[in-house]
Each structure stands twice: as structure tokens, then as C-alpha cells.
There are 2 protein chains.
Amino acid sequence: MAVHRKAGRNASAAGGERGAAGESASGPATLGEAAYQRLRADIVVGAFKAGEPLRLEALRQRYGLSFSPLREALMRLQSERLVASTALRGFSVAPLSREEIEDATETRILIESEALRRSMRNGDDDWEAGIVAAFHALSLQVERQSKVAGSVATADLFAMEERHHHFHRALISHCRSPRLLELAERLYVETQRYRLPNYFGGVLGQRRRDATAEHREIMDATLGRSEEAVRLLADHYRKTAAIIEASIEWPPVSGKAAR
Amino acid sequence: MAVHRKAGRNASAAGGERGAAGESASGPATLGEAAYQRLRADIVVGAFKAGEPLRLEALRQRYGLSFSPLREALMRLQSERLVASTALRGFSVAPLSREEIEDATETRILIESEALRRSMRNGDDDWEAGIVAAFHALSLQVERQSKVAGSVATADLFAMEERHHHFHRALISHCRSPRLLELAERLYVETQRYRLPNYFGGVLGQRRRDATAEHREIMDATLGRSEEAVRLLADHYRKTAAIIEASIEWPPVSGKAAR
DNA sequence: AACTGCCATATTTTCGAAAATTTCCGATTG
DNA sequence: CAATCGGAAATTTTCGAAAATATGGCAGTT
């Protein structure tokens, strides 16, 4: 007995190397992959609070999965610094702290600065077109949301986030280093944890900050192959970090983090 | 029935956060951790050839473990780029290539350059003492091995490797960035795969390269808080990469990598 | 009250088998 | 002969239970 999967499941012939963007239709190929994606999303949006223990039984019920795929996913998330764990005492959501956001921000700047420089050296017409297109799509979404009076739909916030991500990826896309691209990707997700609560939570209407102008400046300098682009990008990230650090009431440093 | 572990196993009360150095006595706390360490060691020393499929049944027999801890370990190794995998087609040893060693080397230089600069800014007396001590220990080992006539014992090669690693870690140890340290660590292991075969395999007696002199120069410039240290370190890594690239007969580019 | 040892319970970790999927091979067809 | 189809075998992935370990409370002692 014990039917493992409800139906024969989506017959994705392709499969796809992990780490690739795609998947598109038909969903994740394995339950482990699905667990990874859902868990990561839930951590990033704050569905689990920082530092909160992640008990396997609870996760099993929440996602309707068995231990094996969950453990795999948690293992993977741990190596991406979204989850912490101690030997025989289980997993917990990685804590948030000033030190962490600063380290993540500065590391991200180090990685993306280099990636941006290389992209500017290697970038061709397609690269430029990709950046312009991504910027435009992002602007449209910003425009649309600024028109809305009250609260913005969650779906729109996700669309916004997606386009923002896409824009920043376009800038460095032609650096020709798999490692730099992967690191930038991970650091984007790590910092997302810090940005999103601030973003969903509150200051939506009164956008004190003109992020679009910053993005445009970065784009212009980048297309002009100017080293200034690197400085602007770094400033952009540092400003974001500063705003977040100011807006969060950091929990008092406690000795016992996990569990 | 089905006794899980032979005996009650070593009762390591401590446990220890993963990623920490220690463990010292009493071995890994969990079988998953043990699998990770053994598998990683076997991949790095080339016990499994690059590109070779890692079949679970074979691993199960080799290490006397069940699937779960093995999969966990493989998952972890994949996120460290030592293992590749495709959705439902299993794992394989990550391939070696010119592109990879170049990317790894340049990324390592990017990371360690920044880490070294910060260490030079932050470093105190203990930091300096640590570097001097590590250099000295490394020199002693080099000295000892150069005296030996014929082939050197494997244990000595490992001791050498360990002290070399320790020296490079000492240089950047005070950068105050957990991420940079972790990345440097991972890149060290990644590049180890390329260095070791060359190291074990052949040119032991006729050390054409005076690595000790290079190390001393790096140390001196570092202790003198000179930016020159960064340049020397980068040269050191690029030279190593160049030697390796020259000494390896690269396999012809084939389309099908895994399995 | 503080400390210690012990037991019951909660939780993680590991196992071995079942299920799902891919791979391989031969027969069949165009 | 190339291509395709089917089905057996090989392999990965998932499950659910068993084992190992940690946790928390309670009694007994100092």
C-alpha cells in the first residue's frame, strides 16, 4: 500500500539541472525540490519568524510530505544561510541581525561590483537590450502601483519584486562567471529576507525613496560603460541596508539562538 | 529489529554547530555528517573520477550507510559544487575543466583579496602571531619532506596540505566577515581538487617552484600591511592555476556530462 | 533553595522497503 | 538499416516505522 504520490504526477520528461531558472510549467520534478522552494519562499516572506525552530513533524503536516524530502530541503537551505541547525537538535530559521545584513550587503557589493565590471566589458547588444527591457518592465509596474490609492495586492508586490530581481540580474548577466552569478543570486535571496517585511509591512504609499531614479542612473552609467555604475550600484545597496537597519527594532542579543 | 548503529556510538555530548572547525575527538555527531566528510574527501583526492556517476547503491555499500544520510551529504556537496545532479537521474562527481578552474581561481582571488585587506586593517598581535606560527609550521614540513630521498608518505602529504591550508586561513582570519571566510573555505576545497592530483601524482622531488619563498613574501607584505600583499597573493594563485592547466591533459569537450 | 539522577516524552536521525522513473535491450516496422 | 515501441531491469525518490538522542519534570539529597 502506501501510495507515494497522489497521481502519476506531472510527467516532466525534461527534468532540468538544478540551479537552472526554468521549470516553467509542470512544477518541480521531485518533492524534495518542491519542499525546497516552498520552504524558502515561506522563510523569505517571513511566514516563519527568524530564529523559530522548524520541527519536522510540523513541516510534514504543513506541506504533506515525508521526512526525507524535507531534510534534503533544509540541508540545502542551511548551506544558503537561510536555515541554521545543530547536530541532533534540529533546524531553525536563521536569525536576522545587524551584523548579518551588513555582511550580506557588503559581500553582495563585492560580488556584484566585479560582475558588473565584467558585464560592462563583455556585454553586447543583447545585453543592453535586456537591461533596457528589464528597466522598462520594472518602471511600468512601479507606475501602475503608484496609481493605486489604497493597499496594493500581494500579487502585485510579488510582480514588483520579480521585476526588480530581473533588472539587477540583467545588469550582471554577461559577466561570464557561473560562480559570481550564483553568489549574486544567493545574496539576493538572503537580503530579500530583510527587504520584504519592510516592503510588505508598511511604507508603501509614502515612497520617500525614488528607487526608479536610482535604477535609471545605474542603467545609464552601465550602458555607458562607466565605472560610475559600480559606485552607484554600491550606494543603492548601502542605502537600502541603511533604511532597513533604521526601520527595524532589533531584538536584544540573546545567548540561545536556536530552539 | 534492524539495529541502526553498531554500538551506542561515541556519546558526543557537545554536538557542535555545523560549519565549525572542531569535532576533534569522538568523530562526527551524525552519520549524515560522516557521509559528507568521507564523500568530500574521496572526491577531493580523486578516489572518484571527475564526471563519474555516484550511484547510491554503490555508496551504500562503500560506506555502510543507508540512503538518507548519503542523499543529505550529496545534496550538501552539490551546493558546494563538488557534485552535480539532474532531477531523477542521480548524482555525479562535478566535472573538471579549464573554465572551472579559471572561474574558481579568479573568484577565490576576488574573495581573498578583500578578506586580506580587511584582515590587514583589523589584525592585531594575535593575528600576526598566528600567521608567523602557521608559516613556520609549514616551512618545517616542507623542510622535512625535501630531506626525504624517495617517495613521501601519504600521511606527510596530508600534513603538508593541512598546514598549507592553515597558513592561507591565518592570513585572512581577521576579516570579520563570516561570509568571506566561508566562501574562501569552499573555494579552497574546490581548487584542492585541481591541485591534489598534480601534487600526489608526480612532480614531488623536482620541486621546480619555490612555494616557500612565495609564502614568505606574502607573509612579509601582509605583516607590513602593504597592498602589495594582495598582488602577491593573487599572483600566487594564478601561478598555481597556470601550472595545473599546463600539466593536465584536458578531456575533449563532450556533450553528455553526467551519467 | 540549589543540585543531581532518573524516567517519560518529544524530536531527530536512520533504516529498509515500496513506489516512481529512467535506462537498456530486443523485437518490430517502415 | 534507421527508427520506434514495449517491457524488464536498474536506479532514484519517497515513505513510515524503528532507533537514537535530547528535553523537561520530578523526586531525593545536600
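A quick note: this is a predicted structure, and the numbers were derived from the prediction, not measured. In what follows, chains carry the letters A, B, and so on, assigned in the order in which the sequence lines appear, proteins first and then strands, with residues in each chain numbered from 1.
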| note | From the candidates dT13(C), dT12(D), dC15(C), the one with an atom nearest any side-chain atom of Phe67(B) is dT12(D)
| said: Just the rounded figure in Å: distance from C1' of dT13(D) to CD of Glu57(B). | reply: 14 Å
| field | Shortest side-chain distance from Leu31(B), nucleotide among dG16(C), dT13(C), dT14(C) | value | dT14(C)
| said: Measure CD/Gln78(B) against P/dT12(D) and give the value in whole Å, please. | reply: 14 Å
| request: Measure centre to centre between the rings of His168(B) and Tyr237(B), then say whether the value is under 6.0 Å. | output: yes
| query | Is it true that atom NE2 of His165(A) has more than 12 heavy atoms of other residues, nucleotides or ligands lying nearer than 6.0 Å? | reply | yes
| request: Whole angstrom is fine here: how far is it from CZ in Arg60(A) over to P in dG16(D)? | output: 8 Å
| note | From OH of Tyr63(A) across to P of dT14(D) the rounded distance in Å is 16 Å
| field | Whole-Å distance separating the CE atom of Met75(A) from the C1' atom of dT12(C) | value | 12 Å
| message | Please compare Ser68(B) and Leu54(B) by the position of their nearest nucleotide in DNA chain D and report the one closer to 5'. | response | Leu54(B)
| message | Can you measure Arg89(B) atom CZ to dA20(C) atom C1' for me and round it to whole angstrom units? | response | 16 Å
| request: Rounded off to whole Å, could you give me the CD-to-P distance for the Glu33(B) and dT21(D) pair? | output: 16 Å
| query | Is it true that the NZ or CZ of Arg163(A) lies under 6.0 Å from the centre of Phe158(A)'s six-membered ring and within 45 degrees of the ring axis? | reply | no
| message | If I take atom CG in residue Leu70(B) and atom P in nucleotide dT11(D), what distance separates them, rounded to the nearest angstrom? | response | 15 Å
| task | Kindly confirm or rule out a cation-pi arrangement of Arg55(A) over Phe91(A), judged by NZ or CZ under 6.0 Å from the six-membered ring centre and within 45° of its axis? | result | no
